[in-house]
Asker: 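My questions all concern the structure below.
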Amino acid sequence: PVTVPEGTSCSAGYTYAGDDNHNSSNGSDAVVITKADSTTVVTGGSFTYDGLPHGATVSVTGVGGLSQTPDPDYTGSCSAAPITVADGTTCTAGYTFAGDDNHNGSNDTDPVSVTPKAASVTASNHSKTVGGSDPVLSTTQIGFIAGDLGVGKITFSATRELGEDV
């Protein structure tokens, strides 16, 4: 047998009738097939912020062809694949394989972190001639993603100090 369901027994037996040179014999014995171990590996990681969710992966393997890639569970400061993980908090991906008829259960966890992306804002350099009109002031933004910009999000403006009489 390949498997023997839990709570049942299986035995193997033989009977040899014998021949002119050998006596007959018979016997039997229990066949015990135990569950094989499974291995669960969760791979989280550290990602740089890009506005997208960063999920962990799960692999459950074992002898006899066990090969699964289920979705992980998330705990800590996240309940799904995180887009950001706030400073001072943790996001952990995990999975528990309960086992099956042929395999013992297994589990694993791994942290998922999202680090800040470098970004900068620089005021554009302009000049003004005495008596001329003020130049249009602007900024240059580097490292921001489109989803972070706009009304109710990050906005930029540039002004000059009042009181300059040129």
Side-chain angles (χ1 to χ4, degrees), residues 1-122 139-156:
V2 176
T3 62
V4 177
E6 282 190 64
T8 63
S9 61
C10 179
S11 62
Y14 70 94
T15 301
Y16 177 63
D19 61 23
D20 291 341
N21 297 316
H22 300 92
N23 294 328
S24 65
S25 64
N26 63 49
S28 67
D29 205 353
V31 175
V32 178
I33 300 175
T34 58
K35 289 184 177 188
D37 288 333
S38 66
T39 301
T40 297
V41 176
V42 176
T43 304
S46 181
F47 305 92
T48 300
Y49 173 76
D50 61 4
L52 301 172
H54 292 283
T57 60
V58 177
S59 173
V60 180
T61 58
V63 297
L66 176 62
S67 179
Q68 298 179 0
T69 54
D71 292 330
D73 299 313
Y74 293 93
T75 59
S77 64
C78 60
S79 59
I83 295 173
T84 63
V85 177
D87 284 341
T89 66
T90 59
C91 172
T92 302
Y95 188 77
T96 297
F97 174 65
D100 60 21
D101 288 343
N102 299 317
H103 301 90
N104 293 315
S106 58
N107 62 69
D108 192 27
T109 62
D110 200 31
V112 178
S113 63
V114 180
T115 59
K117 180 179 181 179
S120 65
V121 178
T122 305
T139 61
T140 301
Q141 305 85 33
I142 298 173
F144 294 90
I145 62 172
D148 290 337
L149 305 175
V151 177
K153 299 178 182 182
I154 300 171
T155 59
F156 305 96

Asker: Hey, does S38 have a side-chain heavy atom less than 4.5 Å from the side chain of L66?
Answerer: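 L66 reaches S38 side chain to side chain.
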Asker: Write down the atom of A93, the atom of V42, and the distance for their closest heavy-atom approach.
Answerer: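 Nearest pair, atom of A93 first, then V42: O-CG1, 3.6 Å.
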Asker: Can you list everything that forms a side chain to side chain contact (heavy atoms under 4.5 Å, CB included) with V121? Sequence neighbours excluded, please.
Answerer: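 V121 satisfies side chain to side chain contact (heavy atoms under 4.5 Å, CB included) with T139, Q141, F144, F156 only.
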Asker: What distance separates T43 OG1 from D108 CG, expressed to the nearest 0.5 Å?
Answerer: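 Answer rounded to 0.5 Å: 7.5 Å.
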Asker: Would you say the side-chain atoms of N26 pair up with the backbone N or O of T15, donor to acceptor, closer than 3.5 Å?
Answerer: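 Answer holds: no.
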Asker: Nearest 0.5 Å, please: how far is CG in D110 from OG1 in T57?
Answerer: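 With rounding to 0.5 Å, OG1 (T57) is 8.5 Å from CG (D110).
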Asker: Specify whether H54 and F47 have parallel, tilted or perpendicular ring planes, treating 30° as the upper limit for parallel and 60° as the lower limit for perpendicular.
Answerer: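 Taking F47 first and then H54, their aromatic rings lie parallel (interplane angle under 30°).
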Asker: T48: which residues meet the side chain to side chain contact (heavy atoms under 4.5 Å, CB included) condition with it, sequence neighbours left out?
Answerer: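 If we apply the side chain to side chain contact (heavy atoms under 4.5 Å, CB included) test to T48, skipping adjacent residues, the hits are T115, K117.
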Asker: Identify the two heavy atoms, one from A36 and one from V63, that lie closest to each other, and give their separation to 0.1 Å.
Answerer: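 Looking at all heavy atoms of both residues, the closest pair is CB-CG2, 3.4 Å.
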Asker: To the nearest 0.5 Å, tell me how far D73 CG sits from N107 CG.
Answerer: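 Result: 11.0 Å between the selected atoms.
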Asker: Sequence neighbours left out, what pairs pass salt bridge (charged side-chain N to carboxylate O under 4.0 Å, His left out) with at least one residue falling in residues 41-64?
Answerer: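 Passing the test, one end in residues 41-64: no pairs.
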Asker: When you look at Y49 and I145, which way does the side chain to side chain contact (heavy atoms under 4.5 Å, CB included) test go after all the steps?
Answerer: CA-CA 9 Å; Y49 173 76; I145 62 172; 3.6 Å; yes
Asker: According to ring-ring contact (aromatic ring centres under 6.0 Å, His included), who are the partners of H103, at least two apart in sequence or on a separate chain?
Answerer: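 Here no residue qualifies.
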Asker: Can you give me the closest heavy-atom contact between S46 and S113, atom names plus distance?
Answerer: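 Distance-wise, the nearest heavy atoms are OG-OG, 3.1 Å.
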Asker: Tell me, which pairs form a side-chain hydrogen bond (donor to acceptor under 3.5 Å, both in side chains) where one or both residues lie in residues 74-92, sequence neighbours left out?
Answerer: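 Checked against side-chain hydrogen bond (donor to acceptor under 3.5 Å, both in side chains) - neighbours excluded - the pairs reaching residues 74-92 are S77-T89.
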Asker: Is there a side-chain contact between V114 and I83, using heavy atoms and a 4.5 Å cut-off?
Answerer: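 No. Closest side-chain heavy atoms not under 4.5 Å.
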Asker: Any idea which heavy atoms bring P82 and C91 closest together, and the distance?
Answerer: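 Minimum heavy-atom contact is CG-SG, 3.9 Å.
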Asker: Within a strict 4.5 Å, meaning less than it, do heavy atoms of the N23 and Y16 side chains meet?
Answerer: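 Answer no - side chains too far apart.
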Asker: Kindly state each residue pair satisfying salt bridge (charged side-chain N to carboxylate O under 4.0 Å, His left out) with at least one member in residues 18-36, sequence neighbours excluded.
Answerer: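 Pairs touching residues 18-36 that pass the test: E6-K35.
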Asker: Looking only at atom types and distance, does a side-chain atom of S106 sit under 3.5 Å from a main-chain N or O of T40, one as donor and one as acceptor?
Answerer: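 Yes, because the side chain of S106 sits within donor-acceptor range (under 3.5 Å) of the backbone of T40.
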